[in-house]
Every structure is written in C-alpha cells, then in structure tokens.
Amino acid sequence: MDKQKFAFNKTNFILLAAGMAIIIIGFLLMTGPGSTEGYFEPDIFSTRRIVVAPLVSLFGFVFMIYGILRKPKN
C-alpha cells in the first residue's frame with residue numbers, strides 16, 4: 001500500500017492522541033465540588049479551577065492543531 005495516500009502518518013496520530021489526553025486532564029482539573037443553595041463552596045474560585053485547568057486545556061487544543069497541521073516528512 002502506498003503511504004502517500006494518507007494525510008496523516010503515525011506521528012500525527014500520536015500528537016493528536018497526546019493533545020486529546022492533555023485536554024482531558026485539563027477538564028478533569030476543572031472538576032470539583034459545587035455550591036448548593038444551602039452551602040457555598042469556596043473551592044469554585046481556586047487557582048487550579050479558574051487558571052491552571054483552562055491553560056492546560058488550551059495547551060492541549062494548540063497541541064492538537066499542531067498535530068493536524070504538521071506535514072509528514074518523506
């Protein structure tokens with residue numbers, strides 16, 4: 001089978017999988033207990049949930065874009 005027929009090679013798929021894993025990690029970092037009507041949870045404003053997790057997710061999306069745009073070497 002001719003390898004030129006595929007738009008992505010093995011490295012592209014590895015980069016896409018790594019990007020997806022980073023995005024999932026970012027979304028998992030955003031999880032936590034929520035506030036209810038009777039109890040206020042101050043953890044909803046933690047640095048991990050409002051700064052670190054979105055940046056990790058953004059990095060994962062950028063990584064996936066790189067994985068898509070990367071041109072396979074011949």
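For the single chain, residues carry numbers from 1 onward in sequence order.
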**Q.** Nearest-0.5 Å distance that lies between atom CD1 in Ile22 and atom CG in Leu58
**A.**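 Taking CD1 in Ile22 and CG in Leu58, the distance rounds to 11.0 Å.
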(Q) Can you tell me how far apart CD1 (Ile24) and CG (Leu29) are? Round to the nearest 0.5 Å. (A)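 Here the interatomic distance stands at 12.0 Å.
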Determine, using the 4.5 Å side-chain heavy-atom cutoff (strictly less than), whether [X] and [Y] are members of one ILVMFWY cluster.
X: Phe61; Y: Tyr66; answer: no
X: Ile25; Y: Phe59; answer: yes
X: Phe63; Y: Leu16; answer: no

Least distance between heavy atoms, [X] atom then [Y] atom:
X: Gly34; Y: Ile44; result: CA-CG2, 4.3 Å
X: Met30; Y: Arg49; result: O-NE, 3.1 Å
X: Arg48; Y: Leu28; result: NH1-O, 4.4 Å
X: Ile23; Y: Met64; result: CD1-SD, 3.5 Å
X: Ser57; Y: Phe27; result: OG-N, 3.7 Å
X: Ala53; Y: Gly26; result: CB-O, 3.3 Å

(Q) Would you say CZ of Phe40 has more than 12 non-hydrogen atoms from neighbouring residues, nucleotides or ligands within 6.0 angstrom? (A)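 For Phe40, atom CZ is crowded (more than 12 foreign heavy atoms under 6.0 Å).
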Q. Between Asn12 and Leu15, is there a donor-acceptor pair closer than 3.5 Å when you use the side chain of the first and the backbone of the second?
A.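 No, because the side chain of Asn12 does not come within donor-acceptor range (under 3.5 Å) of the backbone of Leu15.
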Q | Phe8 and Phe13 aromatic ring geometry - parallel, tilted or perpendicular at 30°/60° bounds | A |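 Phe13 vs Phe8 ring planes: perpendicular.
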